[in-house]
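One structure is given below, encoded as structure tokens.
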There are 2 protein chains.
Amino acid sequence: MATIKDVAKLAGVSISTASYALNNSPKVSGKTKKKILEAARHLNYQKNGLASDLKRSSTRTIALIVTDLAGPFYAELVKGVQDVTLSKGYDLLACSSAGGEASTAIKFLTEKRVDGAIVLAHNIAAETIELSARPAFPVVVLDRKVDSDHVVSIEVDNEQGSYQAAGRLIDLGHREIAYIGGRAMGEVHGKRLDGYARALREHGLDAERRLHQSGHFDRDNGYRLTKMVIAQGHLPTAVMYANDEMAIGGIAAFKEQRIGVPEQVSVVGFDDIELAQYVRPALSTVLQPKYERGALAAHLIFQLLEGQEVERHYQFPTQFVSRDSVRALT
Amino acid sequence: MATIKDVAKLAGVSISTASYALNNSPKVSGKTKKKILEAARHLNYQKNGLASDLKRSSTRTIALIVTDLAGPFYAELVKGVQDVTLSKGYDLLACSSAGGEASTAIKFLTEKRVDGAIVLAHNIAAETIELSARPAFPVVVLDRKVDSDHVVSIEVDNEQGSYQAAGRLIDLGHREIAYIGGRAMGEVHGKRLDGYARALREHGLDAERRLHQSGHFDRDNGYRLTKMVIAQGHLPTAVMYANDEMAIGGIAAFKEQRIGVPEQVSVVGFDDIELAQYVRPALSTVLQPKYERGALAAHLIFQLLEGQEVERHYQFPTQFVSRDSVRALT
DNA sequence: CTGTTAGCGCTTTCAA
DNA sequence: TTGAAAGCGCTAACAG
């Protein structure tokens, strides 16, 4: 494979001149430049980006780390990140943290392959993140909190969102409200549960006995846990799920058992994923700003890169979205 | 930021020894290794991956190039790619070709930053791809054809899929079948249109006058074009859309005008995206294998990397999926 | 305007 | 088992 050396030789100039020409520097005369570009084309020269980044010690690239490239992640959030990143003339790459500490994500987090990272994954140890972040390598974490000088956290008020959703159900007359979630919850799901519990407690309702938590936070598990609840006989009047994926699995389970949603049981999710408005009945859920969080995350990366002082912690409010999966008890 | 040099100095060994220790080579004694690792930890040493890749001239990373990181792209397909890539011990990164020849994708396609690329985007010139592909840099393109020695194409039989779908509608008694698609179609959409036209032609039906093509292949445009068709007064009995996104937009338009799907008009999409089974009515569409294509793409990259001879062109069959958006005319 | 040269940080012979 | 040294391909002073 041709290198800049070959190009220089073929063009009959020095390496540095070739480099200048290839980078379109005004230092080199039009004639020489043409000669060099021609040589490059002739040799099908391809610059080695690694070498150039190494020399420049800058990559102009930001990494977006997600749990799984094969989704589901929030398109809107990614759009926010993307828009800001591109407008700054930086490149964006996405990689997955599947595999935890042995994943691709770690490679990008700890090996100076990018200039900053936005982490949208919970399976990367806070310690890893703390050790990676530096003034020259800012990292922004979404939906979790990491305490370190060079990492900033962007969260959503999960407790409040859940509290409001539960409050809404109670206002509608619901008294038996179950909560279905996964196991091994991180901060996010912990807060959601807290909000639910607080709302019930404040109304003198029993929360403890209505919790169902195990397995993953996915559709399948929502389905399974719901089947379990159904099998136990006494149905609550409403079920809150830890997220929309689980809720959608839950609706499928109810449907299968010919239990009407919302006629016999109301369902609410959390996240407001795209699917939420398409499932039948359309899912009532808790909306969290997505584009805004993504855009902010990227903004912060650049502010930190420029050495500005920024808040270390941000929290976005949530909003209850009322659709068809909830009904008032009269 | 500490480099390997600093680590070596602090540990009182040479750079090469430090390198060996850091790479866990058996060449270095346990005692020295411990000393070095301790020094590294103490300095919070982070390897420079660029330098190491440059030296090794290998990145063990594959790039997946998509049109837009903010989707919609096929999670299943990505999963296929991901599974194979990881099982080979390679890393996978995703980047977007938004911006065409000035995009991040180009950086990864032409600057030796990765060992191979899988292209799932149509806005990158075939020439760019041809110039990048080499024995040491295989590229696999999906849903398009690029003729070059080191790029292999994986396609889906779009013509056949569309032909079958149209045939099915005809079998069900439909005689007035419109086709709604976007503008500036690449090979993919061209073939889909061809299949539709062939089916109609073979049955002596008029296709030409029932085409509606302009704008993008997205939901919004499907909605707009459908409104247009409705406004023209005479409704066809069935509408085939170039893809599911457009079909979903179309269903929304019909719903808005209180035109029953499938009572008054049958609707068929193409792709079988996840949403297809969730919209109401559930969308009849043409399924194309996703996971398999992704997995094959990744497999081929590795075979090429190993210098094996492989077919330069693959074509997957499609399958009509019958759901609720189509009805028989009796 | 062009060339010489010193590295960027790392790996890997080769010698000791 | 360890160290010295060459060099991956490129950029950017600096000198001419």
Side-chain angles (χ1 to χ4, degrees), chain A residues 1-37 39-40 43-61 107-108 110-115 132 134 136-137, chain B residues 1-37 39-40 43-61 107-108 110-115 132 134 136-137:
Chain A
M1 191 71 225
T3 73
I4 199 174
K5 216 160 150 183
D6 304 313
V7 175
K9 192 185 293 173
L10 181 60
V13 298
S14 77
I15 296 179
S16 62
T17 305
S19 173
Y20 286 131
L22 261 5
N23 288 300
N24 206 14
S25 150
K27 297 180 129 183
V28 63
S29 76
K31 217 176 69 186
T32 332
K33 189 180 287 181
K34 214 172 84 185
K35 205 167 53 183
I36 294 169
L37 293 182
L43 293 171
N44 189 19
Y45 166 72
Q46 318 236 114
K47 135 199 252 197
N48 185 319
L50 299 182
S52 120
D53 280 357
L54 173 59
K55 177 67 194 178
R56 289 202 228 256
S57 47
S58 147
T59 64
R60 296 191 73 80
T61 304
K107 195 160 149 178
F108 283 91
T110 66
E111 296 187 355
K112 302 184 186 157
R113 293 166 183 280
V114 289
D115 293 349
S132 306
R134 283 164 282 118
F137 188 78
Chain B
M1 192 70 225
T3 73
I4 198 173
K5 216 161 150 184
D6 304 313
V7 174
K9 193 187 293 174
L10 180 60
V13 299
S14 76
I15 297 180
S16 61
T17 306
S19 173
Y20 285 133
L22 261 6
N23 287 301
N24 207 12
S25 150
K27 297 180 130 186
V28 61
S29 78
K31 219 176 66 186
T32 332
K33 187 179 290 181
K34 213 171 82 186
K35 206 167 51 184
I36 294 169
L37 294 182
L43 294 170
N44 188 19
Y45 166 72
Q46 316 234 115
K47 136 201 255 199
N48 185 319
L50 299 181
S52 117
D53 281 356
L54 172 59
K55 179 65 195 180
R56 289 203 226 258
S57 47
S58 146
T59 65
R60 296 191 73 78
T61 304
K107 194 160 151 177
F108 284 93
T110 66
E111 297 188 354
K112 302 184 185 156
R113 292 165 186 282
V114 290
D115 293 349
S132 306
R134 283 164 283 118
F137 187 78

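We name chains A, B, ... by the order of the sequence lines, and we start the count at 1 in each one.
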B/L22 vs B/L37, side chain to side chain contact (heavy atoms under 4.5 Å, CB included): CA-CA, chis, key distance, verdict
CA-CA 7 Å; B/L22 261 6; B/L37 294 182; 3.7 Å; yes
Could you state the [atom1]-[atom2] distance from [X] to [N], rounded to the nearest angstrom?
X     : N      : atom1 : atom2 : answer
B/N24 : C/dT12 : CG    : C1'   : 17 Å
B/I36 : D/dT1  : CD1   : P     : 13 Å
A/K35 : C/dT2  : NZ    : C1'   : 10 Å
A/K9  : C/dG3  : NZ    : C1'   : 16 Å

Given side chain to side chain contact (heavy atoms under 4.5 Å, CB included), test B/R113 with B/T61 step by step and report yes or no.
CA-CA 8 Å; B/R113 292 165 186 282; B/T61 304; over 6 Å; no
Contact letters for nucleotides 8-16 of chain D, in which S counts primed atoms plus P, OP1 and OP2 and B counts the base, heavy atoms under 4.0 Å
BBBBBB---
How long is the straight-line distance from [atom2] of [Y] back to [atom1] of [X], given to the nearest 0.5 Å?
X     : Y      : atom1 : atom2 : value
B/Q46 : A/F137 : CD    : CZ    : 8.0 Å
A/S25 : A/K33  : OG    : NZ    : 6.5 Å
A/K47 : A/T3   : NZ    : OG1   : 13.5 Å

For residues A/D115 and A/T59, is any side-chain donor paired with an opposing acceptor at under 3.5 Å?
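Present: a donor and an acceptor within the cut-off.
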